[in-house]
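What follows is a short report on a single structure.
Reminder, nothing fancy here: chain letters follow the sequence lines and each chain counts from 1.
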Amino acid sequence: MDELIEKLKIQIIEQLNLEDMEPEDINAKEPLFGEGLGLDSIDALELIVLMEKEYGIKIQNPKDGQKIFRSIETMASYIQMNQK
Amino acid sequence: MAYFIADNIISSLGFTTVENFNSLLSGDIGIEKMEDADIYPGPFLASTIDKTRLENEFRLLAHKYSNFSKFTVLEKLMILSIDDALSQCQPDVKSDKTAFIFSTTKGNIDLLDKSKKDEFGPDRHLLWKMAEEISNFFGNPNKAICISNACISGVLALNTAAMYINAGQYETIVVCGGDLVSRFVVSGFMSFLSLSDEPCKPFDKDRKGLSLGEAAGTIILSEKPSASKQGIKFMGGATANDANHISGPSRTGEGSYIAIKKALFEAGMRTDQIDHISAHGTATPYNDEMESIAIARHNLQKAATNGIKGSVGHTLGAAGIIETAILLEEMRNNTVLKTSGYKNHGVGEQINVSTENSGLELNTCLKMASGFGGSNAALILQKI
Amino acid sequence: MGKLFINKYCHIKNNKVFLDGKLVFSDDEVHDIKPFLKSVYRFLKPAYNKFFKMDEISKLAYLCSEYLLQDVDLSAFNKDDIAIVLSNSDSTSITDQNHQNSISKEGGFFPSPSIFVYTLPNIMIGEISIRHKLKGENAFFIVENFDAGLLTNHINNLYLTRKAKVFIAGWVNINNDSYEAFLFLLSPCGKKYNKGEIEKVYNQHKYI
């Protein structure tokens with residue numbers, strides 16, 4: 001799990017162009033949207049692409065994204081549960 | 001004064017404005033389920049043009065013109081569209097008092113595909129080049145003007161044409177818009193999760209996003225009204241930016257509200273003079289909600305409002321042109337078309353979305369448009 | 001009706017930034033637009049994180065507008081009276097190609113929404129509008145070469161029809177060979193302005 005969380009941090013920084021940010025700056029429990037990392041709606045869509053591209057997981061309903069992308073931790077546990 | 005003297009629409013519903021209008025009157029829907037791996041790996045919905053008819057009609061047109069060279073699919077559509085509009089009013093296209101304004105978001109974007117790359121030379125995918133090829137075909141001496149401002153391109157091009165005519169710079173301006181359903185655009189909107197899996201439902205409670213369409217449309221504006229058609233003039237037009245988000249519309253309808261306010265100011269009119277609104281109505285949750293707010297902020301809830309994207313889809317750079325051409329036809333027929341796809345009211349404000357075709361004396365109408373980049377546009381037309 | 005005046009202009013090309021004709025920044029160490037734009041950002045320090053989300057052409061347009069509007073007080077004007085009129089020849093061709101690469105039949109099919117959204121040239125206008133809360137008239141023209149006549153004609157018309165009072169206008173282009181941004185600010189107060197004047201200041205850096 002910890003390994004997956006670290007990998008996700010790096011992928012998110014790269015995919016979402018979070019310049020000036022290092023993996024250690026991101027708290028895995030912190031909200032990704034709103035206050036936390038301050039991501040927006042296009043970032044949410046980009047995370048859906050990331051899930052499919054890197055982990056082969058298709059999120060059909062964008063509304064599910066709200067739960068899955070609450071934090072890096074929720075993302076990681078979703079990946080563990082759904083990855084074939 | 002600038003007058004609307006001729007128009008054409010080429011879409012899934014037909015090759016003239018009248019064909020399209022009649023098809024809309026009968027409630028036809030041109031959006032269909034498609035499977036075309038060249039455009040998208042899975043099934044998708046789109047409103048597309050009959051390409052066999054395009055080739056046939058284009059061959060017929062060849063007899064009328066001498067300077068024939070090779071044209072892309074979109075250029076053929078736009079040439080056919082312009083040719084039909086010109087045939088209704090015969091302006092002197094070879095005069096420097098006639099100008100061409102083009103409106104497109106992606107133009108010949110299908111040429112980026114490797115298989116088509118070398119067919120048309122190195123710069124044919126550039127929008128100014130496409131505009132130049134078409135205006136050269138008609139022998140117009142002025143440099144073609146090309147506007148690419150997302151989904152407000154068409155309305156912005158019409159506003160711009162009227163402004164230049166009002167300033168006395170040109171006697172006639174041919175405004176032509178066009179965009180294709182391409183792999184580029186379909187996959188982009190897919191990645192935005194904004195495509196509906198059924199024909200789109202503007203302003204409906206169950207709307208799930210937009211449907212894409214392809215079209216070419218032409219409207220000719222002139223300093224003199226048409227001798228044969230009901231005279232309709234440009235009263236006011238404006239654009240405004242939400243200054244809020246590059247893809248999401250403003251939650252308060254800010255830019256759209258300002259664009260309508262400024263168009264009314266130029267027209268010297270009050271909102272209670274507006275008989276009918278042709279909305280942008282993409283059927284994405286946010287766009288339609290935003291438009292309803294902008295309409296309500298102007299106290300225009302009672303004005304009969306409709307949109308045609310539930311039938312022809314969102315035709316991007318052509319949308320503002322073909323939807324205005326339909327609006328002109330509605331005015332000539334004193335008919336408000338029903339909004340295809342709309343059943344149950346699904347926006348926060350109680351705006352008056354049309355559910356049936358209905359007869360209504362239409363003197364003054366408003367066209368709205370909004371798009372990526374926070375852009376919004378409004379245009380007010382009136383019978384003379 | 002009064003007249004419009006040219007208040008300021010900024011030109012970015014070949015790793016150099018000129019403000020009102022004077023060189024204000026250059027970086028000879030970098031050989032590509034990407035690191036150059038980053039280098040300009042580091043120098044300006046606008047603390048605007050959205051910058052990193054933009055594609056290259058929006059970054060270029062944004063930085064040029066940042067220079068143009070630095071220390072400019074537009075508070076006397078309504079936000080919806082400030083128009084942005086831009087132009088270029090290549091639209092968003094570099095980003096178009098990026099999107100195209102992500103949907104090629106040979107490679108994987110993973111279109112990216114954050115790339116696709118930048119395949120419209122007026123997104124540059126959107127980015128400048130968001131940064132400075134500008135809500136006025138917009139227009140993006142695609143034209144083979146920088147055309148002062150086209151821009152000044154459109155601007156004069158908007159001004160005379162009272163649709164805008166202040167204008168941020170110019171040219172922002174990137175293709176495989178070069179990049180260039182040239183923006184100017186016009187308002188009803190300041191120095192004289194006409195097509196010839198715009199051409200003159202644009203051509204100042206023709207051979208750089």
Side-chain angles (χ1 to χ4, degrees), chain B residues 37-38 41 102 104-107 109 112-114 125-129 131-132 143 145-150 152-153 156 160 163-164 166-167 169 183-185 187-193 237-247 254-255 258 261-262 265-266 371-377, chain C residues 50 53-54 58 79-80 83-84 89-93 96-97 99-100 102-106 109-145 147 150 153-154 156-158 160-163:
Chain B
D38 283 345
F102 293 90
T104 183
T105 64
K106 298 313 306 170
I109 194 70
L112 284 193
D113 201 276
K114 278 205 182 89
H125 63 288
L126 299 176
L127 304 180
W128 62 264
K129 184 69 182 168
E132 187 183 273
K143 199 193 258 183
I145 297 167
C146 183
I147 290 176
S148 186
N149 211 103
I152 72 161
S153 300
L156 173 56
T160 300
M163 188 166 76
Y164 294 176
N166 283 336
Q169 293 174 336
R183 185 176 180 86
F184 189 98
V185 170
S187 61
F189 277 99
M190 279 285 188
S191 78
F192 255 83
L193 304 178
T239 62
N241 201 289
D242 290 331
N244 177 56
H245 194 269
I246 51 168
S247 63
E254 185 68 3
I258 296 169
K261 185 183 78 176
K262 287 191 160 187
F265 173 76
E266 184 178 27
F372 275 2
S375 53
N376 300 272
Chain C
K50 279 199 176 93
K53 303 261 178 187
M54 298 177 196
S58 277
K79 294 290 190 188
D80 54 10
I84 306 179
S89 73
D90 288 69
S91 185
T92 52
S93 63
D96 288 359
Q97 195 56 58
H99 175 65
Q100 185 71 24
S102 78
I103 57 169
S104 70
K105 285 164 211 161
E106 299 79 20
F109 188 87
F110 292 105
S112 155
S114 60
I115 293 176
F116 180 64
V117 72
Y118 283 102
T119 62
L120 293 164
N122 65 299
I123 298 295
M124 289 184 248
I125 296 177
E127 292 287 12
I128 297 170
S129 300
I130 293 167
R131 168 66 180 90
H132 298 281
K133 294 280 159 259
L134 307 178
K135 298 178 178 176
E137 284 279 343
N138 291 172
F140 204 108
F141 292 97
I142 309 289
V143 56
E144 185 175 5
N145 297 302
D147 186 342
L150 174 82
N153 180 53
H154 195 74
N156 287 339
N157 272 309
L158 287 173
L160 292 172
T161 52
R162 298 206 277 167
K163 284 175 192 162

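The closest side-chain heavy-atom distance from Q169(B) to N157(C) is below 4.5 Å. Looking only at side-chain heavy atoms (C-beta outward), I142(C) and F102(B) stay at 4.5 Å or farther from each other. Contact of the F116(C) side chain with the M190(B) side chain is not registered, since no non-hydrogen atoms from C-beta on lie closer than 4.5 Å. With contacts defined as side-chain heavy-atom distances shorter than 4.5 Å, the pair K106(B)/T92(C) qualifies.
Remark: side-chain polar atoms of N149(B) are not paired, donor with acceptor, to backbone N or O of N122(C) under 3.5 angstrom. In this structure, K133(C) contributes its side chain and A243(B) its backbone to a donor-acceptor pair below 3.5 Å. Listed for the K143(B) side chain is no donor-acceptor partner under 3.5 Å among the backbone atoms of V143(C).
L158(C) is linked by a side chain to side chain contact (heavy atoms under 4.5 Å, CB included) to M163(B), V85(C), E137(C), H154(C), K163(C), F167(C), counting only residues two or more places apart in sequence or in another chain.
Interface remark: of the candidates E266(B), R183(B), K262(B), R183(B) forms the most heavy-atom pairs closer than 4.5 Å to chain C. Chain C forms the most heavy-atom pairs under 4.5 Å with one residue out of S148(B), A150(B), A240(B), A167(B), and that residue is S148(B). For the set N376(B), L127(B), T104(B), the entry with the most heavy-atom pairs within less than 4.5 Å of chain C is L127(B). With chain B as the partner, the residue from G126(C), S89(C), S58(C), A83(C) showing the most heavy-atom pairs under 4.5 Å is S89(C). For the set N138(C), L150(C), V117(C), the count of heavy-atom pairs under 4.5 angstrom toward chain B peaks at N138(C). Counting heavy-atom pairs closer than 4.5 Å to chain B, the top residue among S114(C), S93(C), A139(C) is A139(C). By number of non-hydrogen pairs under 4.5 angstrom with chain C, the leading residue of F189(B), Y164(B), F372(B), F265(B) is Y164(B). Of the listed residues (V185(B), T160(B), L126(B)), the one with the most heavy-atom contacts under 4.5 Å to chain C is L126(B). Across I125(C), D80(C), L120(C), the residue that shares the most heavy-atom pairs under 4.5 angstrom with chain B is D80(C).
Of the two parts of N166(B), neither the backbone nor the side chain holds a non-hydrogen atom closer than 4.5 Å to a non-hydrogen atom of chain C. If you measure heavy-atom distances from I147(B) to chain C, the contacts under 4.5 Å come from both the backbone and the side chain. Contacts between T161(C) and chain B at a heavy-atom distance below 4.5 Å involve the side chain alone, from C-beta outward. Using a 4.5 Å cut-off between heavy atoms, S112(C) touches chain B through its backbone atoms (N, CA, C, O) alone. When heavy atoms are compared at a cutoff of 4.5 Å, I246(B) approaches chain C by way of both its backbone and its side chain. Only the backbone of L134(C) has a heavy atom closer than 4.5 Å to any heavy atom of chain B. Contact of K261(B) with chain C is made through the side chain alone, with heavy-atom distances under 4.5 Å. For F110(C), no part lies near chain B; criterion is any non-hydrogen pair under 4.5 Å.
Note that NZ of K129(B) and CG of D90(C) are 13.0 Å apart. Values are rounded to the nearest 0.5 Å. Remark: S375(B) OG to I84(C) CD1 distance equals 11.5 Å, nearest 0.5 Å. The CZ atom of F141(C) sits 6.5 Å away from the CG atom of L156(B) when rounded to the nearest 0.5 Å. For the atom pair OG (S104(C)) and CG (L112(B)), the distance works out to 12.0 Å, reported to the nearest 0.5 Å.
When every heavy atom of S187(B) is checked against every heavy atom of H99(C), the shortest pair comes out as OG-NE2, 3.4 Å.
Every pair passing salt bridge (Lys or Arg N to Asp or Glu O under 4.0 Å) that includes a residue from residues 113-132 of chain C is listed here, sequence neighbours excluded: E66(C)-R131(C).
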